[in-house]
Enquirer: 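Next up is a structure, given as structure tokens.
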Amino acid sequence: MKKSGLNLIGVKEYNRALILQLIATGNGTTRNSLAQRSKLTSMTLTNITSELLQQNIIVESEASSDSKNLGRTPKILTISPTSPVVAGIWISKDFLFGILSDLSLKLVAAKQEDFEENETSESILEKAYRLAEYLLHLTERPVLGIGISTIGVVDTIHGVIKNVTNFFNIKEMDIKSYMSPRFDIPVYVKNDMQAAALCEMYYGIGQQKENFLYIGITNGIASAIVSNKQLLNNLTGSCGELGHTTIDFKGPKCNCGNRGCLELYASAPVIIHRINEACGTRLTTFKETMEYCTTSVKAYSILQNISDQLAYALNNLINIIDISTVVFGHSAVYFPDEILASIAYTLNQISIFRNNRTITLHKTKFEENSPLYGSVCVILDQLFTGNLTI
Ligand SMILES: [Zn+2]
């Protein structure tokens, strides 16, 4: 529901942001496709594209000549190679990863900064500051803002991690207050699941879907929901704590206070532990564990059992939100395709909507880097919704 009207200046900025979004995400690269998708009059469209061309934010060029069309080759509009860029930092459990990207998610620079043994919130903030400064000095192009995608429960408005587990005994981290005064560009902070879902919404499967659920498996299991092309809880920043859905109320105690939570059975470290214990292996990473599962009947059967637990937990959520597209990201991209197919099969057997629609499961095309690209999308989302202007 719209909460306030748009004055003429607001309308202009809204339309401009929409056109920029369509060009940046590759959804409208010709004037015809832009007109169809935006439903703007040709005069309004021409005014906006002329302004964007003049500001060197976009460029117009001939489409590649390999097209078999004999008629006039349409000109295409793309993001200019000298247009402003965005800095993004992903705060994971083990490292910081910083990137510079243009508005079409084309990488300009990247740098990883590993954590040491005894990090504190101060040392991590200092590292994040130095990483951002390093990235900003790499380019002559204007930088629109710094987007941060981080583990933990995030107060998006104040840019603070309010709660995080198993992270150097850190519970809270006031990222925005530390970073903002040190830069003269905006800093926005978002939970990494939400940031990944934004990335999926603008540049991934969300381009074709109005609604989808993003699920990420890491040391825990969390999710984010996009409904009618809107990220739910975008302002409050809370992510769906799918990992704390109880799947066995008589199960072991979880550190959230409940019993039998999903992540006690299906988080990445638990899956690795379950396979190692049963198979006598010493696998350490989730990726190698998933590869091992495709070579060992015993390991595969354990994973099959875990996939059923995941399917039942997902079904609880899908029954409530009625979404038929699920995107697997973070470490969940390493699940063997057969396991994803098995989760989809179970879901479609037990779903309350089984007679109406088929639930489809996908792996994100960004592999395990959705939260990294998502950090940039935290800023791009502000730009595409007209909250941030160039
Ligand atoms: Zn729990």
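We count ligands from 1, going down the list as the structure has it; atoms in each ligand are counted the same way. When reading the values below, keep in mind they use all heavy atoms of this one structure, side chains included, and skip hydrogens, waters and symmetry mates.
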Enquirer: Taking the inter-plane angle between the rings of Phe366 and Tyr373 on a 0 to 90° scale, is it parallel (under 30°), tilted (30 to 60°) or perpendicular (over 60°)?
Expert: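 Because their plane-to-plane angle lies in the 30° to 60° range, the rings of Phe366 and Tyr373 count as tilted.
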
Enquirer: Find out whether Glu51 and Asn47 are in side-chain contact, i.e. whether some heavy atom of one side chain is under 4.5 Å from a heavy atom of the other.
Expert: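 No, too far: nothing below the 4.5 Å cut-off.
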
Enquirer: Does either side chain, that of Asn276 or that of His273, offer a donor lying less than 3.5 Å from an acceptor on the other one?
Expert: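 Absent: no donor and acceptor within the cut-off.
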
Enquirer: Determine whether the side chains of Thr82 and Asn56 contain a donor N or O and an acceptor N or O closer than 3.5 Å.
Expert: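 The criterion, which ignores hydrogens and geometry beyond distance, is satisfied for Asn56 and Thr82.
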
Enquirer: So what's near the Zn ion (ligand 1), protein N, O or S atoms under 2.8 Å?
Expert: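 Those protein N, O or S atoms (cut-off: under 2.8 Å from the Zn ion (ligand 1)) are His244 ND1, Cys254 SG, Cys256 SG, Cys261 SG.
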
Enquirer: Working to the nearest 0.5 angstrom, can you tell me the gap between Ile89 CD1 and Glu113 CD?
Expert: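 Result: 10.0 Å between the selected atoms.
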
Enquirer: So, Tyr214 versus Phe328, ring centres under 6.0 angstrom or not?
Expert: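 No, ring centres 6.0 Å or more apart.
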
